[in-house]
Number of protein chains: 2
Amino acid sequence: MTAVEALQPPRAYSQLKPWLQDHYRSLPKRLQNVAVFALHNPEVIALNTVAVISAQAQVTPSTMVRFAKSIGYEGFTDMQSVFQESMRHVPQPYSQRLTELAPPSESEETVLHQFSQAARASITRLEEQADGHAIRAASSQIAAARTIYLAGQGRAEPVVTYLHYTFVKLGMQTVVLDGMASAMADKTRMIQPDELLLAISFSPYTANTRELVDICLKAGVKVVALTDSTLSPIAQVDDLHLEVLEQEVSGFRGLSATMCLALCLAVEAGKRRAENQ
Amino acid sequence: MTAVEALQPPRAYSQLKPWLQDHYRSLPKRLQNVAVFALHNPEVIALNTVAVISAQAQVTPSTMVRFAKSIGYEGFTDMQSVFQESMRHVPQPYSQRLTELAPPSESEETVLHQFSQAARASITRLEEQADGHAIRAASSQIAAARTIYLAGQGRAEPVVTYLHYTFVKLGMQTVVLDGMASAMADKTRMIQPDELLLAISFSPYTANTRELVDICLKAGVKVVALTDSTLSPIAQVDDLHLEVLEQEVSGFRGLSATMCLALCLAVEAGKRRAENQ
DNA sequence: TTTTTTTTGAAATAAATATTCCAAAATTGA
DNA sequence: TCAATTTTGGAATATTTATTTCAAAAAAAA
């Protein structure tokens, strides 16, 4: 038994999520990967064998079992039952009827179809799960800031670019933090308390963006974070964070839902700023 | 093997239902019971073991296995996979109850709702109208190119950033054309015939990207264009162009459908390149 | 009713799956 | 840097789960 012990683990999937967020930090690296995977792919856990799941999660079966135990379950089987429970009694989806009837003819069209499906599902989920309070609070903060600083790398960079474009169009002063890590940190240290950092970060998380967030928090600068999971290191801080999770297709994650949220946030902030003037 | 034999059974749950209805009468009594049970409790079949299921269905495990075989499957496991398939990719209901406790109504949620609607509609339209031939041809060209050059400004820039990220991840050499207009033109003139320009441009069209396309066409360099309308100046040329139109909400256009198409194109190209090697 | 065929359930077997154990690797602390 | 501790992957094991077999029961045919 490794980390968390004698703690009885959540028996309901809905409790598992916040529970994992709390204990995430105390897990070893590989087990953290598994935690992220589990929250991103609950249906995979529910429907497959350890061998299949651990292959998808890029770990060994032992690690999968160890993960289940380390968060307090008797074993993998025990944990799996919780994930299965979350799938029971789901209203039979009508959407997939159409999908399955669609002729599996041309592979190209099917690829587009798959990505479209995933994008739409992600947007729907965003809509259902989005925290209205958080969006409201975030856009207020952004509206109040004298200057908005944007940070994000890798898959988050297109979001930064888009937000920059949109904010500028809305007449809001915006600076993109880019370049070398050290230069970014230096620029970040210059941010004033009446300004704001909008940080975007997705799994696999880079340490860099987290560092910028830390600098700002220490300096008393407001931070708004946009991530794909509350397990993200930049969501740990108890500041404002918004969550958007893209459904994955054969290992690729799109940006459709993220872009939707980004636009929403920018427009909302623009509206508030206009009202305040 | 009892009743129905040598008939290949449905691989999709949606087809299994009518299929069972047809063959129901020719099954022995106990197996009919199982058939009824299966149609009424698909999620039980998907998530449990033969022992548990057969107990619920009030038959013995053997009968369960026999049922699967009698309708043509290799065994219970084989049949179960079809039921499981029907549960995959269901929009995860997650902890929606908890989320929904967040106070509704407020205009922010409506804004997100509007943008979500627009994004979904755009994606659906993309899916319906997309030209399969064009996508296929474009991805082939991209796959064949030694180096991919990306051009796009303003609202198209996030797409460029995303494609750059994705292509690099797929191991394809990619260069982003940015900087001053004159410098971009100079760089463009250096592109070789076995390379390719992927130009992205949306309304309101900037003259700049059009210029780069012209330079390439004159030099015999392949061009793939991604635009929001055939009215776009870069679609005028009779080269390959893909169209994606984002629905507008109070003057703002998102990028959800565009990102979806971009990812599709990149993945498709990556797949083709892998095949050619 | 008797005989033949089909259907069924319980136990035996085969297959797969999860779990444990241990040595190697990585990480942490001094 | 080196020692102590933790973490990890792979192989061995134990357990569960599916499948097959076979004799008894039920149904159908004579």
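Note that the structure is a prediction, hence the values are computed from the model and not measured. Per chain, numbering begins at 1; letters A, B, ... match sequence-line order.
At a cut-off of 3.5 angstrom, counting only N and O atoms as typed in the model, there is no donor on one side facing an acceptor on the other between the side-chain of A/Thr63 and the base of D/dG9.
Between C/dT19, D/dA18, D/dT7, one nucleotide has an atom nearer to the side chain of A/Pro28 than all others, and that is D/dT7. Taking every side-chain heavy atom of A/Ser62 into account, D/dG10 is the closest of D/dA18, D/dG10, C/dT19. Of the listed nucleotides (C/dA10, D/dT19, C/dA18), D/dT19 has the atom at the smallest distance from the side chain of B/Pro61. Closest to the side chain of A/Arg66, from the set D/dG9, C/dT17, D/dT19, is D/dG9. Side-chain atoms of A/Arg30 lie closest to D/dG9 of the nucleotides C/dT17, D/dG9, C/dA10.
With respect to A/Lys187 and A/Asp178, a salt bridge is recorded, a charged nitrogen being found less than 4.0 Å from a carboxylate O. A salt bridge does not link A/Lys218 with A/Asp214: none of the charged nitrogens is closer than 4.0 Å to a carboxylate oxygen. Using a 4.0 Å cut-off between charged nitrogen and carboxylate oxygen, B/Arg272 and B/Glu268 count as a salt-bridge pair.
An OP1 or OP2 oxygen of C/dA16 is reached within less than 4.0 angstrom by no side-chain nitrogen or oxygen of B/Thr77. For B/Lys29 and C/dT6, the shortest distance from a side-chain N or O to OP1 or OP2 is not below 4.0 Å.
Between the CG atom of B/Leu27 and the P atom of C/dT6 there is a distance of 15 Å, rounded to whole Å. Rounded to whole Å, atom C1' of D/dG9 lies 18 Å from atom CZ of A/Phe67. Straight-line distance from the CG atom of B/Asp78 to the C1' atom of D/dT19: 13 Å, rounded to whole Å. Going from atom CG of B/Asn48 over to atom P of D/dT16 covers 16 Å, rounded to whole Å. Spacing between atom CD of A/Gln80 and atom C1' of D/dT16 amounts to 13 Å, rounded to whole angstrom units. Spacing between atom CD of A/Gln32 and atom P of D/dT7 amounts to 11 Å, rounded to whole angstrom units. Look at CG on B/Asn33: it is 10 Å from P on C/dG9, rounded to the nearest Å. The separation between A/Leu31 atom CG and D/dT6 atom P is 14 Å, rounded to whole Å.
Looking at heavy-atom distances under 4.0 Å, B/Thr49 makes contact with sugar-phosphate atoms alone, never a base.
In this structure, A/Val52 and B/Gln58 both approach DNA chain C, and ranking their closest nucleotides by distance from the 5' end singles out B/Gln58.
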*Could you walk me through whether A/Thr227 and A/Glu243 pass the side chain to side chain donor-acceptor pair (under 3.5 Å) test, one step at a time?*
CA-CA 5 Å; A/Thr227 75; A/Glu243 194 181 339; 6.0 Å; no
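The nucleotide D/dA30 finds its pairing partner in C/dT1, both defining distances of the Watson-Crick or G-U wobble pair being shorter than 3.5 Å.
Using modelled atom types, one side-chain atom of A/Thr188 and one backbone atom of A/Met184 make a donor-acceptor pair closer than 3.5 Å.
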